[in-house]
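Below: one structure, written as structure tokens.
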2 protein chains.
Amino acid sequence: MTSQAADGPETVAATRRSKITPEREQEFFDAVLEQVRACGYDSVTMEGVAASTRCSKATLYRQWKTKPQFVAAALRASRQSRFDGIDSGSLADDLREAARAAGAWSAKDTRLFQALGHAVMEDPELKKALREALIDPEIDALRQILRRGVERGEVAADNPALEYIPAQIFGVLRARPVLEGEDADPEYIVRFVEAAVLPTLGLTET
Amino acid sequence: MTSQAADGPETVAATRRSKITPEREQEFFDAVLEQVRACGYDSVTMEGVAASTRCSKATLYRQWKTKPQFVAAALRASRQSRFDGIDSGSLADDLREAARAAGAWSAKDTRLFQALGHAVMEDPELKKALREALIDPEIDALRQILRRGVERGEVAADNPALEYIPAQIFGVLRARPVLEGEDADPEYIVRFVEAAVLPTLGLTET
DNA sequence: GCGTTTCGGTACGCCGACGTATCGATGAGT
DNA sequence: ACTCATCGATACGTCGGCGTACCGAAACGC
């Protein structure tokens with residue numbers, strides 16, 4: 001009965017009226033992820049997030065039961081593939097474009113990944129959220145790009161280098177800050193793809 | 001006077017007589033690093049280490065002022081290059097052997113690295129110790145291997161793929177557990193080197 | 001406009017870990 | 001054999017963050 005709920009965010013939920021707008025919620029998410037990137041997961045305090053968003057700690061706990069659930073929700077909200085819409089018809093160009101996009105997000109993503117590295121050991125929900133936010137979308141998109149290149153016949157399906165490309169790109173993105181102390185900016189990653197990835201696929205430039 | 005100290009570990013240090021033998025100390029170091037690998041840095045407790053080594057918490061604090069200093073000391077003690085003695089005269093064989101060695105240590109090293117990822121944000125000494133224990137020795141050794149290959153003329157000095165090889169290997173070692181959920185065992189890494197690294201150097205097998 | 005719900009602010013209890021202090025026991029050096 | 005520093009054990013103080021409870025105030029539904 002009374003199933004005639006016009007168009008609320010929740011179809012049912014009769015008396016649900018949180019004053020937290022989606023924009024406000026996103027502020028919370030942005031704040032907590034920023035703190036995580038800055039100080040690491042364990043150093044983030046609910047009090048700190050509340051202060052930086054000028055809300056009450058109680059307000060945060062009304063929306064999310066615990067701190068890991070809060071962070072996991074923030075991760076899920078930030079889920080987005082950096083590779084969407086890449087489909088130029090050329091595998092080499094697609095890989096270059098993916099490299100550019102990955103490099104553009106590398107600084108933020110790497111810090112987040114590094115900061116959560118240990119926290120996901122203890123909370124499976126956090127681990128799943130991190131995978132779904134930062135890893136799976138990009139890896140899947142990258143595999144799509146490669147698959148299309150194979151289907152177009154640009155590279156042999158049994159090229160042994162194919163299976164390592166996602167791990168290579170992901171790995172180099174995360175490795176450069178550690179080894180050289182500076183972020184893997186787009187120029188670096190594009191150059192890496194051109195120097196070390198395309199050749200193994202037989203996609204050498206003219 | 002009485003400068004005739006035969007062959008103690010400390011030449012002077014008149015009344016220094018700690019009962020902690022070097023072997024015992026190494027037990028402490030092994031225990032704390034094992035706990036770090038298992039639960040992450042912040043979850044490690046001095047009490048837990050003391051319990052697992054059947055020593056007193058006070059004993060640990062007598063040797064090391066604080067927990068980060070203790071962990072840093074453990075890291076420094078574990079410093080060792082996994083690539084020592086690799087010099088077969090063939091760059092391809094050297095890289096294969098380095099890959100085998102890196103793969104053999106990958107599981108332990110990656111867990112340690114991941115677990116300390118956030119802790120090094122806050123403690124510079126810890127960061128330095130981690131670099132000197134897990135990163136610099138292997139990267140330096142790898143660069144040596146590559147340099148010798150260049151000097152022997154096996155690969156051109158201006159090959160653009162050269163500069164990315166350390167980051168590639170380090171990155172793939174750390175990336176596979178994340179992407180595929182299993183450690184980068186030696187077989188995997190050797191196959192990676194053969195499929196994706198050697199070709200970029202023009203070292204294709206017959 | 002009025003009631004009710006949620007908001008921001010804050011004070012509180014709780015717990016766990018750090019790091020210190022104390023105490024008998026033990027083992028090394030003379 | 002004697003002495004004394006160090007050992008293992010444990011109890012304690014301290015601190016900080018989690019999560020809860022309570023308060024006036026503001027905003028939404030009717």
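For clarity, every value in this text was computed on a predicted model and none was experimentally measured. The sequence lines fix the lettering, A, B, ..., with proteins before strands; numbering per chain opens at 1.
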Checklist entry - Going by the angle between their ring planes, with limits at 30° and 60°, are A:His118 and B:His118 parallel, tilted or perpendicular? => result parallel
Next on the checklist: Just the rounded figure in Å: distance from C1' of D:dA5 to NZ of B:Lys19.
Outcome noted: 7 Å
Checklist entry - Is any side-chain heavy atom of B:Glu27 closer than 4.5 Å to a side-chain heavy atom of B:Arg54? => result no
Checklist entry - Do A:Lys57 and D:dG19 have a side chain to base donor-acceptor pair shorter than 3.5 Å? => result yes
Item to check | Protein-nucleotide distance (A:Lys65, atom NZ; D:dT20, atom C1'), rounded to Å | outcome: 13 Å
Checklist entry - Which of these nucleotides, C:dC18, D:dC22, D:dT10, is closest to any side-chain atom of B:Ala58? => result D:dT10
Checklist outcome for this item: Out of D:dA27, C:dG19, D:dG8, minimum distance to the side chain of B:Tyr61 belongs to C:dG19
Checklist entry - So does A:Thr59 get a side-chain nitrogen or oxygen closer than 4.0 Å to the phosphate oxygens (OP1/OP2) of C:dC7? => result no
Item to check | Near-strand residues of residues 20-52 of chain B, defined as heavy-atom separation under 4.0 angstrom from DNA chain D | outcome: B:Ile20, B:Arg24
Checklist entry - Do the side chain of B:Arg62 and the base of D:dG8 come within less than 3.5 angstrom through a donor-acceptor pair of N or O atoms? => result yes
Item to check | Side-chain donor or acceptor of A:Asp183 paired with backbone N/O of A:Asp185 under 3.5 Å | outcome: no
Item to check | Euclidean distance, atom CD of residue B:Gln63 to atom P of D:dA5 [Å, nearest integer] | outcome: 16 Å
Item to check | Nearest listed nucleotide, side chain of B:Lys67, among D:dA27, C:dA21, C:dG19 | outcome: C:dG19
Checklist entry - Can you check whether B:Tyr41 reaches B:Leu126 side chain to side chain, under 4.5 Å on heavy atoms? => result yes
Checklist entry - Does the pair B:Arg82 and B:Leu134 meet the rule for a side chain to side chain contact (heavy atoms under 4.5 Å, CB included), with working shown? => result CA-CA 9 Å; B:Arg82 285 82 168 90; B:Leu134 280 190; 4.3 Å; yes
Checklist entry - Side chain of A:Thr66: nearest nucleotide among C:dG19, C:dT10, D:dG19? => result D:dG19
Checklist entry - So B:Phe70 and B:Phe29, would you call those rings parallel, tilted or perpendicular, with 30° and 60° as cut-offs? => result tilted
